[in-house]
There are 2 protein chains.
Amino acid sequence: MLPPAAGAKPLRADAARNRLKVLDAARAAFAQDGRDAQMDDIARRAGVGVGTVYRHFPTKESLAQAMVQQRFAQILAFIREELLVDPDPWNALRRSFEFCGSMQERDRGYAELVSSIAGSAALVGGGPIGPAAEQVEEMLALTEQLIARAHAAGVVRPDLAASDMPPFYAALASIVQAGVVDWHRYVEIVLDGLRARPAGRPG
Amino acid sequence: MLPPAAGAKPLRADAARNRLKVLDAARAAFAQDGRDAQMDDIARRAGVGVGTVYRHFPTKESLAQAMVQQRFAQILAFIREELLVDPDPWNALRRSFEFCGSMQERDRGYAELVSSIAGSAALVGGGPIGPAAEQVEEMLALTEQLIARAHAAGVVRPDLAASDMPPFYAALASIVQAGVVDWHRYVEIVLDGLRARPAGRPG
DNA sequence: ACCTGAACACCGTTCAAGT
DNA sequence: ACCTGAACACCGTTCAAGT
């Protein structure tokens, strides 16, 4: 979850412990109740007073943002360590969707947060709930590489830009969160739209 | 907004007037503030007491639902009267996306409501905010026809089912609501995914 | 320094009094 | 029948008192 910003003074031992307990409690609460999770409930789960929750996270939104950033960091790590080394660039693209989808499937809270602030905040970064600006930057950089590799292999439509991608991930969040069980079908059709076309259009 | 359910006794003149004022005020409030719109504000805009708002709509959610159903009714009418008579079935498909997208673009409230409850509620119908069950039924029926016409013309992938469509409309809501200005690009790529393919896959 | 939880503020909802 | 708006309930946030 973003190791406590580089220049920050280390927390007192009990404070550091509490911070982690709050994050765990919040993840559980958001995963279960989505944006309806209550601060008092999070405090209770964490075994601390509400005041302590607010000491570490000034608002409910900032807590939600911490959750999103944790998940986002996992996605970035996955792209870096798994997808960019996948020898098949097309398969890497497919896996990027499947990874996001199944993460959202496991964590209702995350999917709800992402889809409710999907674009403006999430894409621009630094919004009230979105990922951190640096995370967005890295996401764009990594996506550029994913797409560049796909272009080099000639497997995607020639006019495809990296900037085309974020809306599709956001849309996936929306669909998964909506409880559409067969979201893989959505992924398949979108992938077909991204694919290089052998010939001219029919019809 | 669904003319007041068939068997309902007619409202007293002033009540009927108030009901309309509340609906107008609510549309304006939701369009401006999305789900953050406040009931007191809606009452003030309508020039009535809060109690009156609650007399006509038992909860804030039911008011939101009335908004969604109003918009949904417009979409159904558009499909029935414009798209199903469009001589070009492919063009009809494209227009269905463009129509939804631009409606959502004009009404932030609608887009936010649709994307926040996109599927489970909206698709199943009768959810807390979704369209009415009958509307969902009609939507499915109309979509079947749109897709059937497209199949007859051979312009869409042979395995495309009408049930594949709703997630794409929901996803569009999510993207538009997120402030992605170039949502037409999304539509174009999805359409390419839906299109009939002339030959086998490359790669 | 950090923690606690009662108190406060805000907004959705109710209901006694009015016409 | 329907309207009004003060009062209530709930939950996010603050802060005085504690360790």
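In what follows, every chain begins at residue 1, and chains take the letters A, B, ... in the order their sequences are listed.
For A/R12, whose side chain is taken as the heavy atoms from C-beta onward, the closest listed nucleotide among C/dA1, D/dG5, C/dA6 is C/dA1.
B/A37 comes within contact range of the sugar-phosphate backbone alone, with a heavy-atom separation under 4.0 Å but no base atom that close.
One atom, CZ of A/R55, and another, P of D/dT14, lie 13 Å apart when rounded to the nearest Å. Rounding to whole angstrom units, CZ of residue B/R19 and C1' of D/dC3 are separated by 16 Å. D/dC11 atom C1' lies 15 Å from atom CD of B/Q38, rounded to whole Å. Protein atom CZ of A/F57 is 12 Å distant from nucleotide atom P of C/dC3, rounded to whole Å. Whole-Å rounding puts the B/K21 NZ to D/dT4 C1' distance at 13 Å. The CG atom of A/D36 sits 15 Å away from the P atom of D/dC10 (whole-angstrom rounding). If you measure from atom CE of B/M39 to atom P of D/dG5, you get 16 Å, rounded to the nearest angstrom.
An OP1 or OP2 oxygen of D/dC2 is reached within less than 4.0 angstrom by no side-chain nitrogen or oxygen of B/N18. Between B/H56 and D/dC3 there is a side-chain N or O to OP1 or OP2 distance below 4.0 Å.
Closest of all the heavy-atom pairs between B/Q104 and B/Y169 is NE2-O, 4.4 Å. Across all their heavy atoms, A/H151 and A/L160 have their closest contact at NE2-O, 2.8 Å. A/R95 and A/L83 make their closest contact through CB-CD2, 3.6 Å (heavy atoms, listed as atom of the first residue, atom of the second, distance).
When base pairs are accepted only as Watson-Crick or G-U wobble with both N-N or N-O distances under 3.5 Å, DNA chain C takes part in stems of 3 or more pairs at C:4-8 with D:12-16, C:12-16 with D:4-8.
Between B/D41 and B/R44 a salt bridge is recorded (basic side-chain N to carboxylate O distance below 4.0 Å). Using a cutoff of 4.0 Å between basic side-chain nitrogens and carboxylate oxygens, A/R94 and A/D88 are not scored as salt-bridged. In summary, B/D192 and B/R195 engage in a salt bridge, as defined by a charged side-chain N under 4.0 Å from a carboxylate O. With respect to A/R27 and A/D24, a salt bridge is recorded, a charged nitrogen being found less than 4.0 Å from a carboxylate O.
Looking at which nucleotide of DNA chain C each of A/A16 and B/T59 is closest to, the 5′-most match is held by A/A16. Along DNA chain D, the nucleotide nearest B/V50 and the nucleotide nearest B/L11 are compared for position; the residue whose nucleotide lies closer to the 5' end is B/L11. Between A/Y54 and B/D14, the residue anchored nearer the 5' end of DNA chain D, judged by the nucleotide with its closest heavy atom, is B/D14.
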